[in-house]
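Inspection log for the structure reproduced underneath, given as structure tokens.
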Amino acid sequence: MSNNSDSWKDMMAAVQAFHDKHDFKNTGGEELNYRVALMAEELGEISSCVTKGKSKRLLAEEVADLLILLMGTGIAADFDLNQAFWEKMHKLMERQSRMVNGRIRVSEFRDME
């Protein structure tokens, strides 16, 4: 590991090392339903930080937890999250936005009447 904190490759290697250290592959840590539950738990903790006015430091820590879980889900499900990110980002950049209930929304707006 080269320890370049801005490198996606190094970040993924660190998450893989975490999975390997705790043998997630053979101990249920890479089971997708379990990972979804963990991500929902982290999202709840992020919500708590925002709605209860907790510190930015705590919010950053909870968002980092969710990012690590998302990256680990790419490992567990064997897909390239970096590639998926860029493919989705290109799609999002092509979409139009709308104001919905006073807030901007960027979506495909399917099945709208």
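Connection of V50 to L66 is established within a shared hydrophobic cluster, with ILVMFWY side chains joined at heavy-atom distances below 4.5 Å, either directly or through further cluster members. By the criterion of side-chain heavy atoms lying less than 4.5 angstrom apart, applied directly or through intervening Ile, Leu, Val, Met, Phe, Trp or Tyr residues, L81 is grouped together with L67 in one hydrophobic cluster. L92 and W86 are not part of a single hydrophobic cluster, where members link through side-chain heavy atoms under 4.5 Å apart.
In F79, the CZ atom is crowded: over 12 heavy atoms of neighbouring residues, nucleotides or ligands sit closer than 6.0 Å. In the displayed structure, R95 atom CZ is contacted under 6.0 Å by more than 12 heavy atoms of other residues, nucleotides or ligands.
The shortest side-chain heavy-atom distance between V100 and F109 falls under the 4.5 Å cut-off. Within the 4.5 Å cutoff, the side chain of L43 has no heavy atoms near those of the M39 side chain. Looking at heavy atoms from C-beta onward, M99 lies out of side-chain contact with R105 at the 4.5 angstrom threshold. The closest side-chain heavy-atom distance from E41 to E45 is below 4.5 Å. With a 4.5 Å cut-off on side-chain heavy atoms, M11 and M71 count as touching. In this structure, the side chains of W8 and F85 stay at 4.5 Å or more apart for every pair of heavy atoms.
Interatomic distance, CG of L58 versus CD1 of I46, reported as 12.0 Å (0.5 Å rounding). Distance check: K88 NZ to K91 NZ gives 5.5 Å after rounding to the nearest 0.5 Å. For the atom pair CD1 (I68) and CG (L38), the distance works out to 12.5 Å, reported to the nearest 0.5 Å. Atom NE2 of residue H19 and atom CG of residue N26 lie 13.0 Å apart, to the nearest 0.5 angstrom. K56 NZ to L59 CG: the interatomic distance, rounded to the nearest 0.5 Å, is 8.5 Å. A distance of 11.5 Å separates CD1 in I75 from CG in L70, rounded to the nearest 0.5 Å.
The backbone N or O of D23 sits less than 3.5 Å from a side-chain atom of T27, completing a donor-acceptor pair. Between the side chain of E108 and the backbone N or O of R110, no donor-acceptor pair lies under 3.5 Å. The backbone N or O of L69 lies less than 3.5 Å from a partner atom in the side chain of R35, making a donor-acceptor pair.
Residues E62 and C49 approach most closely at CG-SG, 3.9 Å, considering heavy atoms.
Residues R57 and E61 are paired through a salt bridge, judged by an N-O separation under 4.0 Å between the basic side chain and the carboxylate.
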